[in-house]
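One structure below.
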Amino acid sequence: MDEPASEVENGALPLIWRKNRIPEKHLIARLKNPTHPAVQKYVEVRKKQAEKKRRKSNENGNEKKRDSRANYKLSPEHEIAQEAGRRLKALIRAVKWRYGDKFLEQLAGREEELTLFWQSMRLAALQTSGRAPSDHEIATKFSELSRKTYTRHQARARRGIVEKLQQRAGIWLGMS
């Protein structure tokens, strides 16, 4: 009889239960009111261990959450890139389901270019700090992003298309 008690004091599972191959957490859940002293001791030891583990994981989890919230300050460039991804998906969906809309038919195949142009407009606006960027500044920023040469005249034409996209319901209207 001393054998099971010594196993329980060490935190080991009694020999009878090891043969069942039932996970320990399920066994403890079944033993709400154990009657055998060795089983009572075993359940008590395991509950203390589980509580200690839960407390430690909560402390570590809270610290990790606090650190991640503090470090989650995104740069404006990263936020603009995320918004450009959302706008690209919306534009692709709108062009895909155009059904007789001549404006959207003309944009087929140019979705990525227009979204990248919108992104370059926003980045140029960040660099100018408050004032509206000129077409030349937008063209140079677009040239940096796309690695294509772009003139201010092309930038003016694309800016008009982007403005129309922002005014049309169901495409970019309502996006920040």
Side-chain angles (χ1 to χ4, degrees), residues 11 22-29 46-176:
I22 299 173
E24 290 183 39
K25 62 183 179 181
H26 295 295
L27 290 173
I28 293 173
R46 289 298 180 190
K47 283 184 178 178
K48 285 181 183 177
Q49 289 176 350
E51 181 60 33
K52 184 178 178 182
K53 184 177 179 181
R54 193 177 307 118
R55 218 177 310 118
K56 187 174 181 179
S57 70
N58 283 344
E59 291 171 2
N60 291 341
N62 289 341
E63 289 175 13
K64 287 179 183 176
K65 287 177 186 174
R66 214 175 294 122
D67 291 342
S68 68
R69 280 194 299 264
N71 295 333
Y72 193 67
K73 307 257 192 237
L74 293 178
S75 66
E77 292 84 8
H78 186 71
E79 289 178 359
I80 290 172
Q82 285 182 339
E83 178 71 20
R86 288 192 292 269
R87 285 177 180 262
L88 177 62
K89 287 180 185 177
L91 185 58
I92 288 173
R93 186 176 56 244
V95 170
K96 183 179 179 182
W97 300 103
R98 57 188 176 261
Y99 291 123
D101 189 347
K102 189 67 174 175
F103 176 70
L104 290 177
E105 286 177 7
Q106 292 172 347
L107 299 182
R110 298 172 53 194
E111 298 93 348
E112 291 181 15
E113 175 194 354
L114 292 171
T115 308
L116 190 62
F117 184 79
W118 174 86
Q119 185 177 359
S120 64
M121 283 176 54
R122 294 292 301 265
L123 291 173
L126 275 179
Q127 289 179 346
T128 58
S129 64
R131 67 174 177 80
S134 67
D135 291 334
H136 177 71
E137 292 168 336
I138 294 172
T140 55
K141 193 64 177 174
F142 184 78
S143 297
E144 291 173 11
L145 291 176
S146 67
R147 297 186 179 103
K148 295 179 184 176
T149 56
Y150 229 60
T151 65
R152 63 187 175 94
H153 303 290
Q154 291 171 317
R156 185 179 62 234
R158 299 308 182 280
R159 187 168 42 88
I161 294 171
V162 167
E163 288 173 359
K164 285 181 185 177
L165 284 172
Q166 289 177 337
Q167 293 171 357
R168 305 252 331 226
I171 304 174
W172 284 355
L173 183 67
M175 292 186 155
S176 58

Salt bridge (Lys or Arg N to Asp or Glu O under 4.0 Å) filter on R54, not counting sequence neighbours, yields E51
Smallest separation among heavy atoms of A84 and T115, with atom names: O-CG2, 3.1 Å
Pairs under 3.5 angstrom only: tabulate donor-acceptor contacts from the side chains of residues 160-168 to other protein residues two or more places apart or in another chain.
from : atom 1 : to   : atom 2 : distance (Å)
R168 : NH2    : D101 : OD1    : 3.3
R168 : NH2    : D101 : OD2    : 2.2

Residues in salt bridge (Lys or Arg N to Asp or Glu O under 4.0 Å) contact with E105, at least two apart in sequence or another chain: none
Report the C-alpha separation of W118 and L114 in whole Å, then their side-chain angles, then the decisive distance to 0.1 Å, and conclude whether the side-chain contact (heavy atoms from CB on, under 4.5 Å) test is met. CA-CA 6 Å; W118 174 86; L114 292 171; over 6 Å; no
Contacts of R131 meeting side chain to side chain contact (heavy atoms under 4.5 Å, CB included) (sequence neighbours excluded), chain-then-number -> T128, E137
Set of residues satisfying side chain to side chain contact (heavy atoms under 4.5 Å, CB included) with respect to A125, sequence neighbours excluded: P133
R122-Q119 side chain donor-acceptor pair, cut-off 3.5 Å: no
Non-neighbouring partners of R55 that pass side chain to side chain donor-acceptor pair (under 3.5 Å), sequence neighbours left out: none
Per-pair distances, 0.1 Å, donor-acceptor, side chain in residues 89-99, under 3.5 Å, sequence neighbours excluded:
from : atom 1 : to  : atom 2 : distance (Å)
R98  : NH1    : V95 : O      : 2.8

Find the distance between CZ (R87) and CD1 (I80) and round it off to the nearest 0.5 Å. 10.5 Å
Please report the interatomic distance CG(L145) to CG(L123), rounded to the nearest 0.5 Å. 6.0 Å
By the salt bridge (charged side-chain N to carboxylate O under 4.0 Å, His left out) test, which pairs, at least two apart or in different chains, include something from residues 148-158? E113-R158
What pairs with F142 under ring pair (Phe, Tyr, Trp, His ring centres under 6.0 Å), at least two apart in sequence or on another chain? F117, Y150
Spatial distance of atom CD (Q127) from atom OG (S120) [nearest 0.5 Å]: 10.5 Å
